[in-house]
Amino acid sequence: MMSSMAHLQEEKLRLQKELLGLQEKLATQDNDELSRSLQLQGQVETLKVKLLEQAQEIGRLRSELGGTDTEKHRDLLVAENERLRQEMKACEGELRELRQLRQQQQVLCQDCAHLQENTGLQEQLSQLQREAEEMRAKMVELDLEVQQKTNRLAEVELRLKDSLAERAEEEERLSRRLRDSQETIASLKSQPQQIKYIIKTVEVESAKAKQALCESQSRNQYLQEQVGMQRQVLKEMEQQLQSSQKTVAQLRAQIMMYEAELERAHGQMLEEMQAMEEEKNRAIEEAFSRAQVEMKAVHENLAGVRTNLLTLQPALRTLTHDYNSLKRQVRNFPLLLQETLRSARAEIGQAIEDVHSTNQELLRKYRRELQLRKKCHNELVRLKGNIRVFGRVRPITKEDGEGPEAANVVTFDADDDAILHLLHKGKQVSFELDKVFPPQASQEEVFQEVQALVTSCIDGYNVCIFAYGQTGAGKTYTMEGTAANPGINQRALQLLFSEVRSKAADWDYAISVSAAEIYNEALRDLLGKEPQEKLEIKLCPDGSGQLYVPGLTEFRVQSVEDINKVFEFGHVNRVTECTNLNEHSSRSHALLIITVRGIDRSTGLRTTGKLNLVDLAGSERVGRSGAEGSRLREAQHINKSLSALGDVIYALRSRQGHVPFRNSKLTYLLQDSLSGDSKTLMMVQVSPAEKNTSETLCSLKFAERVRSVELGPVSRKAELASWPSQEQLEGDSPGTAAPSGRGHASPSPGQLSSRAASIRRKLQTSG
Ligand code: ADP
Ligand code: ADP
Ligand code: MG
C-alpha cells in the first residue's frame with residue numbers, strides 16, 4: 001500500500017515536470033516564431049533598401065542620359081519599379097496578415113480547449129491528490145485498526161494455540177482412552193454374551209467408571225464448546241480479516257482505478273500536447289512556407305530588376321558612347337560652322353557680285369527698253385488719238401426680273417481685261433475695247449482708271465467723259481453714283497481739290513462748276529435762276545476761236561460740301577422742270593462742266609482745263625417701236641445727237657480735216673473739249689440681262705467702231721464715208737461686226753497691207 005502511494009506521488013511529480021518542460025518548449029517555440037518574423041521583416045527591410053537604391057540608380061541614369069532614346073528604357077524601369085513597389089506592398093500586407101494570424105493563433109492557444117482541459121485536469125489531479133490524501137489518512141487509520149486487530153489476532157492465536165495444544169493433549173488423552181476403551185470394547189465383544197453381561201456387569205460394575213466418563217464427557221463438551229467458541233472467535237477474526245482484506249482490495253482497486261484514470265488523463269494530456277504541438281508546428285511550417293514563397297517571389301522580382309539593370313547597362317553604355325560622340329561633334333561644330341559660313345559667305349559674295357553685274361547689265365537694257373517703250377507708247381497714243389473706249393457691265397438687278405429673260409449673257413476673258421463675250425442667238429460674239437469692267441468692279445476701281453485723265457485737267461487739258469448706253473445700263477450710276485457710293489462726278493471733284501491743295505505752294509487754282517442739260521437739242525442751265533431758258537452757244541468775241549455760253553451759271557467750289565450743294569441745286573431744278581425725272585433724264589444729256597483755272601505764282605503762267613462729265617441720253621431705239629409725237633421727236637433728237645457724237649469721235653480719231661461738231665448741240669458745246677490735244681473717254685454701259693441682248697449688241701458695236709477707227713490713207717476715205725447712223729447700227733447683224741471694219745467699208749487684204757505701209761510712212765514723217 002505504501003509503495004503504491006509513493007509510486008503515485010512519483011508519478012505526479014513526473015507529470016508536473018513534464019508539464020513545465022512543455023510550457024518551456026512552447027515559450028521557446030513562440031520565441032522562434034517571433035525571431036523568424038523579425039528575420040522576415042529584416043529581409044523586407046533590406047529589399048526596400050535595395051529597391052530604393054535601384055530607384056536612385058535609375059534616377060542617376062536618367063539624369064546622366066536625359067536623351068530621348070533612353071526615355072523608353074527609363075519608362076520601362078519606372079513601370080518595373082512601380083510594379084515592384086506594388087508587389088512589395090502586397091508582401092507587406094501578407095506579412096501583416098501573417099502577424100495577425102499568429103496573434104490570433106496565440107489568442108486561440110490561450111483560450112483553446114486544451115489549456116482549459118489542462119487546467120481541468122490539473123484541478124482533477126489536485127482533487128485526486130486531495131482524495132488520495134484522504135485515502136491515505138483513512139488507510140493510516142485502517143492500518144492502525146488492522147495493527148490492533150492483528151495484535152489481538154496474534155493474542156487470540158496465541159491463546160488459540162495454547163487451547164489447541166491443550167485440546168490436542170486432551171484429544172490425545174481422550175483418543176488414548178478411546179483406544180483403550182475401544183480395545184476393551186473389542187475384547188469385550190469377542191466374548192459377546194459374556195461381554196454383554198460383562199458389560200452389564202461392567203456397566204453395573206462400572207458405575208463409577210460411568211460417572212468418570214460422564215464427567216470426562218461433560219468436560220469434553222465444555223472443551224468442545226470452548227473450542228467452538230474459539231473457533232467462532234477465529235471465524236470472526238477471519239471474517240474481520242477478510243473484510244479488511246476486501247477493503248484493502250477495494251482500496252487497491254480504487255487506487256488502481258485512479259491510477260488508470262491518471263494514466264488516461266496523462267495520456268490525453270500528452271495527446272493534446274502532441275496535437276497542439278503538431279498544430280503549432282503545422283502553423284509555423286505553413287507560415288514559413290508562405291514566407292518562403294513570398295521570399296521567392298521577392299527574390300524573383302529582384303532577379304528581374306537585376307536583369308533589367310543588366311540590360312540597361314549596355315544601353316547606358318551605348319548612350320554614353322553616343323553622347324560622347326555627339327559632344328565631340330558639338331565641340332567640332334562651331335569650327336565646322338565657321339568654315340562652312342566662311343566658304344558660304346565667299347560663295348554668296350561671289351554670287352552677289354555676279355548678280356550685281358547681271359543686274360547692272362539688265363538695268364542698262366531695261367532703261368533702253370523703257371525709252372523705246374515710251375517712244376512707242378507716245379507714238380501709239382498719237383496714232384490712236386486721245387480717245388479711249390471703256391466698257392462697263394452692270395450686275396443683274398431685281399428690276400431685271402426672273403427667269404430666262406434675266407439670264408446673264410455677258411462673259412469675260414480671264415486673261416484679257418479688254419475682251420468681252422456676248423451670247424447672242426446661241427452664238428458667242430466677242431468685242432475688244434480698251435478696258436472692260438465686270439459687274440463686280442467697284443466705283444473706286446472704275447475711278448482709278450480715269451483718275452489720270454481727271455488730273456491732266458489741272459495741267460490745262462480739256463477732258464470729256466461720256467457715259468453711253470441704253471436706259472438702265474448704269475450710266476447715271478457710273479457718273480453720279482449713290483450717296484453711299486458716289487460716281488465719277490464727285491470723286492473727280494474731290495481728286496481735283498486734293499491735287500490743287502498739293503500744288504498750292506506754287507499755283508493758285510480756281511475750280512468752278514456748271515451744270516447743263518440738252519433736251520430735244522435745247523441747252524438749259526441747271527444752276528440758273530430760270531432753268532426754262534434756252535441758252536445759245538457763241539464764239540468768243542476775242543477771236544481766240546473759243547466757244548462760250550452766255551448766261552450759263554458757274555459756281556466756284558472749294559469743298560465737297562460746295563459740290564454737294566451744287567448737285568442738290570441742279571437736281572431740284574431738274575425735278576421741278578419735269579414730271580417724270582427718270583423718263584426725262586433718260587431722254588436728255590446731262591452735263592457737268594468743271595473748269596480748273598490756274599496761275600503759276602512765280603511765272604504768272606495761266607492754264608485752263610475743262611472736265612466735261614456727260615451722262616448721255618439712253619441709246620435705245622425708240623424710233624423703231626412706232627413712237628409718235630413728242631416721243632418720236634425725242635428719239636429723233638437723241639439719234640441725231642448720238643450719231644453726231646459718233647461722227648465727231650470717228651472724225652477725230654481718224655484725224656480728218658473736217659470734224660462735224662456743228663451737227664448737234666452736244667458736239668458743238670464740247671467742241672473745244674474734243675478737238676486738239678483733248679482727251680476723251682467713252683464709257684459704254686451695258687446690261688448683262690438676256691432681254692437686253694440686242695441693245696447691248698448695238699452699244700458694243702458703237703463702242704468698237706469708235707475704238708477701231710484707224711489712221712492713214714483710210715482717213716481720207718473716212719471723210720467720204722460718214723459715221724454710221726443709229727439706224728445703220730441697228731441694221732448691222734453681229735456676224736458682220738468685224739472688229740476693225742466700219743460695216744460697209746471692210747478693206748481687202750491688199751488694202752490692209754498698203755494701209756500698214758502708209759502708217760509706217762506716217763510714223764517716219766511724224767518722227
Ligand atoms: P441709266 O442711267 O443708264 O439709265 P442707272 O444708272 O439709272 O442707268 O442704273 C439702273 C439701275 O441699275 C439703278 O438702280 C442702278 O443703281 C443700278 N446699277 C447700275 N450700274 C450698277 C453697278 N455697277 N452696280 C450696282 N448697281 C448698278
Ligand atoms: P500727256 O499728254 O501729259 O502725256 P498722257 O497721254 O500720257 O498725257 O495721258 C495721261 C494719262 O491719261 C495716261 O495714263 C493715259 O493713259 C490717260 N489718258 C489719256 N487720254 C485718255 C483718254 N482719252 N481716256 C482715258 N485715259 C486717257
Ligand atoms: Mg440715267
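Indexing begins at 1, ligand by ligand and atom by atom, following the structure's order.
- You'll find the side chain of F555 stays beyond 4.5 Å of the side chain of K565, heavy atoms only.
- Between the N520 side chain and the A522 main chain, no donor and acceptor come within less than 3.5 Å of each other.
- Listed by number with element, the atoms of ligand 1 under 4.0 Å from a non-hydrogen atom of T471 are 4 (O).
- The cationic atom of K435 (NZ for Lys, CZ for Arg) does not lie both less than 6.0 Å from the six-membered ring centre of F390 and within 45° of the ring axis.
- Close N/O approach between G472 and ligand 1 is found [any backbone or side-chain N/O within under 3.5 Å].
- Residue R662 places its CZ atom among 12 or fewer non-hydrogen atoms of other residues, nucleotides or ligands, all under 6.0 Å distant.
- Between the S687 side chain and the A473 main chain, no donor and acceptor come within less than 3.5 Å of each other.
- With K475, K398, E480 as candidates, the residue nearest to atom 3 (O) of ligand 1 on a non-hydrogen basis is K475.
- Below 4.0 Å from some heavy atom of R394 lie the following atoms of ligand 1, by number and element: 12 (O), 19 (C), 20 (N), 21 (C).
- Residue-ligand proximity, R392 to ligand 1, at heavy-atom distances under 4.0 Å covers atoms 23 (N).
- At distances below 3.5 Å, not a single donor-acceptor pair connects side-chain atoms of N462 with backbone N or O atoms of S678.
- Checking only distances, G474 does come within under 3.5 Å of ligand 1, N or O to N or O.
- The shortest N/O to N/O separation between T397 and ligand 1 does not fall below 3.5 Å.
- Those atoms of ligand 1 with a heavy atom of P395 less than 4.0 angstrom away are 21 (C), 22 (C), 23 (N), 24 (N), 25 (C).
- Considering backbone and side-chain atoms alike, D615 places every N or O at 3.5 Å or more from each N or O of ligand 1.
- At least one donor-acceptor pair closer than 3.5 Å links the side chain of Q443 to the backbone N or O of Y477.
- When atom types are taken as modelled, the side chain of T607 and the backbone of G460 share no donor-acceptor pair closer than 3.5 angstrom.
- Polar contact check, A441 against ligand 1: no nitrogen or oxygen pair lies under 3.5 Å apart.
- Ligand 1 has no atom lying under 4.0 Å from any heavy atom of G469.
- When distances to the Mg ion (ligand 3) are checked against a cut-off of 2.8 Å, Y477 contributes no N, O or S atom below that limit.
- Residue E530 qualifies as open at atom CD: its count of foreign heavy atoms under 6.0 Å is 12 or below.
- Near Q470, with a cut-off below 4.0 Å to any heavy atom, the atoms of ligand 1 are 3 (O).
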